[in-house]
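Note: hydrogens, waters and symmetry copies are ignored here, and every other heavy atom, side chains too, is used. Quick note on labels: first sequence line is chain A, next is B, and so on, each numbered from 1.
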Amino acid sequence: MGKEITSREADYSQWYIDLVKKADLAENSEVRGCMVIKPYGYSIWEKMQQALDKMFKDTGHVNAYFPLFVPKSMFEAEEKNAEGFAKECAIVTHYRLKNDPSRPGKLMVDPEAKLEEELVVRPTSEAIIWSTYKKWIQSYRDLPLLINQWANVVRWEMRTRLFLRTAEFLWQEGHTAHATAAEAVAETKQMLDVYAEFAETFMAMPVIKGRKSEGERFPGAVDTYCIEAMMQDGKALQAGTSHFLGQNFADAFNVQFTNKEGKLEKVWGTSWGVSTRLMGALIMAHSDDDGLIIPPKLAPIHVVIIPIFKSEEELNKLSVKAEEITKELRKLGLSVKFDNRDTLKPGFKFAEYELKGVPVRIAIGPRDLENGTVEVARRDTKEKKVMQMSSIVAEMPTLLDSIQQTIYDRALKFRDEKITKVDSYEELKRVLDEKGGFVSAHWDGTAETEGRIKDETKATIRCIPLDSVEEDGVCIYSGKPSKQRVLFARAY
RNA sequence: CGGGGUGUAGCGUAGCCCGGUAUCGCGCUUGGUUUGGGACCAAGAGGUCGUCAGUUCGAAUCUGGCCACCCCGACCA
C-alpha cells in the first residue's frame with residue numbers, strides 16, 4: 001500500500017511527476033511555476049554542484065557572485081540577447097509597499113515608490129557581468145578572466161514542469177573573457193568536454209556533443225555547443241550548453257584591452273551553464289516503475305542497512321553488527337543509513353528505499369547473525385545475494401563501481417538503439433512517430449528547411465554532432481546537397 | 001496565450017443532478033500484538049467544503065463573479 005507510481009508505459013509524463021513527488025525530490029510551491037526542492041532532491045543537486053565545482057576549479061576557474069537585478073538599459077545593450085529573453089522577463093518596477101487605506105491590515109504597492117529605471121530579474125547574467133568586466137579588464141595581463149557563479153535565474157515560462165522547466169531555477173553560469181578568438185573557442189569546447197565528462201562519469205548518462213544550428217543558437221552567441229541526452233520515452237534533452245560569444249558582448253559593453261603591442265583590442269567571450277534541469281535528466285535517464293535509480297556517484301545515501309527482528313533484544317544484537325558495518329563503510333567515505341525504526345516492517349522499508357533509488361540495500365536478520373552473512377540487494381538490477389558479513393565492507397567499493405557502470409552501460413545501449421539513420425523525409429517522419437529517439441539525416445543547412453521540418457514533425461535539430469564524419473548526401477527535405485548528417489529529435 | 005479539468009482534514013477521495021452542517025481510505029496520536037518484500041486490532045485527534053456575493057428558514061450542494069492549481073497545445077534550458 002502507500003505510494004503507487006504510474007507506470008512509464010501507462011503515462012510517461014505522470015510517471016515522472018509521481019517520481020519527483022513521491023521520492024521527495026521536489027513539490028509545487030504556492031508560487032505558480034516555481035518549485036520547492038526538498039532536502040532529498042537538494043542533496044542530489046549538492047552532489048552535482050560539488051563534482052562540477054571541482055571540475056571548474058581544476059580548469060582554472062574561480063567563483064564569484066553578481067546581482068540578481070539588471071537595470072533595463074544594461075540588459076538591452078546586447079540586442080540579440082535582450083530580444084531573445086524579452087518575452088520571459090520578470091521586472092521590478094517599485095521598491096516599497098504601504099498600508100492600503102481601503103483594506104485595513106493589507107498592503108499595496110506604493111505608487112510613489114516607482115523606480116527611475118526598471119530592474120530586470122536576470123534570466124541570465126551576461127549583461128551585468130560584461131558591464132562589470134569592462135571595469136576589470138584593461139590589459140592583456142588581465143586575461144583570460146575565468147569566472148563562474150552559482151545562482152538562481154528567472155524565466156517566466158508559459159508552461160512549467162518540475163525540474164525540467166520552472167520559472168525560477170538554480171544553475172551555474174561560467175563567463176570568461178579572452179584575448180583571442182582561438183582561445184575563447186578552446187574554452188568553449190573545453191567546458192563542453194567538462195559537461196560531457198560530468199554527465200557520463202557522475203550521472204552515468206551518455207551524451208552527444210554537438211553544435212547547434214543557427215535556429216537553436218543562444219541569442220547573442222556566435223556559436224552554441226551542447227550536450228544532448230536521450231530519455232527513456234525517446235525524447236531528447238539538452239543537458240548543458242557552452243557558447244562562443246565572439247565579441248558581441250565586448251561590443252555591447254565596450255570591453256577592450258591593450259595588447260602587447262600597445263594597441264586596443266576587443267575581448268572575446270564565452271559562457272556556459274547547466275541547471276537543475278539535470279535533475280530531470282537524471283530521473284528520466286535511469287529510473288524505473290519502482291522508483292528512482294540514482295548512480296552511486298550522486299546518491300545521497302549509498303547503502304541502507306535494514307534490520308529484520310522480532311524483539312527489541314534481537315534488534316539490539318543486530319544493531320551491534322549493523323553499526324560496526326556502518327562505521328567501516330563510512331571510513332571508506334560512503335554515506336550509510338541504518339534504518340532501525342521499529343514501527344515499520346522490512347518490506348515497507350525495502351519499497352521506500354527502492355523508490356528513493358538508494359544503490360545498495362543490506363538486510364540483516366537473526367539467520368544472518370548465526371551464519372555470519374548479510375543479504376545484499378542492488379537497486380539497478382534488483383539482484384539479491386547472500387554475502388559474508390566479514391567481506392561486505394571490502395567488497396562495497398567494487399559493488400558500487402559495478403552499479404555505476406551497469407547504469408551507464410544500460411543507458412548507453414538504450415541511447416545507441418535510439419539513433420536511426422534515415423535517407424528520406426518519409427522515413428524521418430515514420431521513425432519519429434514509431435520509434436522516437438535521434439534521427440540522423442542529411443540537411444541542407446538552411447534555417448528555412450529546419451523550420452519547415454519543425455512545423456511539420458515537431459522535431460528539431462538537436463545538434464550537429466562534433467564527431468560526425470563528412471559524407472556526401474542530399475537533404476532529406478529539399479534534395480539539395482549536404483556534407484553531413486545532423487540529429488533530429490522531439491525534445492524536452 | 002488558447003483548449004480541457006479540478007478545488008471537501010497532511011494526502012487521495014465520496015457526497016453535488018434531487019439543499020437539512022460532511023463519507024471512506026492512507027497518514028497522524030495512544031495502547032497492544034507483529035516484523036526475511038508495502039502488518040493487524042482497539043481507541044482518538046484533525047474541516048472557515050478555494051473565495052466573494054446572491055437565492056433560501058437552511059447552501060459543500062442552486063445562481064453569478066473572482067482566484068488558484070493541474071493536464072494538453074503554442075513558446076522555451
Practice problem: Apply the test side chain to side chain contact (heavy atoms under 4.5 Å, CB included) to residues A:I294 and A:R379: give CA-CA distance (whole Å), side-chain angles for both, the deciding distance (0.1 Å), then the verdict. | Solution: CA-CA 9 Å; A:I294 307 176; A:R379 177 63 181 90; over 6 Å; no
Euclidean distance, atom [atom1] of residue [X] to atom [atom2] of [N] [Å, nearest integer]:
X      : N     : atom1 : atom2 : result
A:N340 : B:U35 : CG    : P     : 18 Å
A:E370 : B:G36 : CD    : P     : 16 Å
A:L318 : B:G36 : CG    : P     : 13 Å
A:L162 : B:C69 : CG    : P     : 13 Å
A:K345 : B:G37 : NZ    : C1'   : 9 Å
A:L170 : B:A77 : CG    : P     : 18 Å
A:K384 : B:G36 : NZ    : P     : 11 Å
A:K21  : B:C69 : NZ    : P     : 13 Å

When all nucleic acid strands are considered with a 4.0 Å heavy-atom cut-off, which category describes [X]: base, sugar-phosphate, or nothing?
X      : result
A:F169 : base
A:T373 : nothing
A:S13  : sugar-phosphate
A:Q238 : sugar-phosphate
A:Q14  : nothing
A:K454 : sugar-phosphate
A:N28  : sugar-phosphate
A:R161 : nothing
A:R367 : base

Paired nucleotide for [N] [Watson-Crick or G-U wobble; both distances under 3.5 Å]:
N     : answer
B:G44 : B:C28
B:G38 : none
B:C1  : B:G73
B:U13 : none
B:C49 : none
B:U6  : B:A68
B:U23 : none

Between [options], spot the one nearest the side chain of [X], thanks.
X      : options             : result
A:E157 : B:C69, B:C75, B:A74 : B:C75
A:R155 : B:A77, B:G38, B:A74 : B:A77
A:S275 : B:G36, B:A77, B:C69 : B:A77
A:K458 : B:G36, B:A74, B:G37 : B:A74
A:P346 : B:G36, B:A77, B:C75 : B:G36
A:F348 : B:A74, B:G38, B:A77 : B:G38

Mind checking the [atom1] distance from [N] to [M]? Whole angstroms is fine.
N     : M     : atom1 : answer
B:A14 : B:C66 : P     : 27 Å
B:A22 : B:G4  : P     : 36 Å
B:A68 : B:C49 : C1'   : 16 Å
B:G36 : B:G47 : P     : 36 Å
B:U13 : B:C24 : C1'   : 8 Å
B:C75 : B:A60 : P     : 45 Å
B:G54 : B:U61 : P     : 14 Å

Quiz item: Is the NZ or CZ atom of A:R361 positioned over A:F350's six-membered ring, under 6.0 angstrom from the centre and within 45° of the axis?
Solution: yes
Quiz item: Does any N or O donor sit under 3.5 Å from an N or O acceptor when you compare the side chain of A:E354 with the base of B:G38?
Solution: no
Self-check item: Salt-bridge contact A:K382-A:D290 (side-chain N to carboxylate O under 4.0 Å)
Solution: yes
Quiz item: Less than 4.0 Å between a side-chain N and a carboxylate O, is that true for A:K337 and A:D339?
Solution: no
Determine whether more than 12 heavy atoms belonging to other residues, nucleotides or ligands lie under 6.0 Å from atom [atom1] of [X].
X      : atom1 : value
A:K310 : NZ    : no
A:E456 : CD    : yes
A:K235 : NZ    : yes

Exercise. Over all heavy atoms of both residues, which pair between A:A82 and A:E76 is shortest? Give the atoms and the distance, please.
Key: CB-CA, 3.6 Å
Quiz item: Hey, mind stepping through A:Q49 and A:E46 against side chain to side chain donor-acceptor pair (under 3.5 Å) and telling me if it holds?
Solution: CA-CA 5 Å; A:Q49 282 185 300; A:E46 281 179 317; over 6 Å; no
Practice problem: State whether a side-chain donor-acceptor pair under 3.5 Å links A:S13 with A:R161. | Solution: yes
Practice problem: Determine, for nucleotides 6-12 of chain B in 5'-to-3' order, which nucleotides have protein heavy atoms under 4.0 Å from the base (write B), from only the sugar-phosphate (write S), or from neither (write -). | Solution: -------
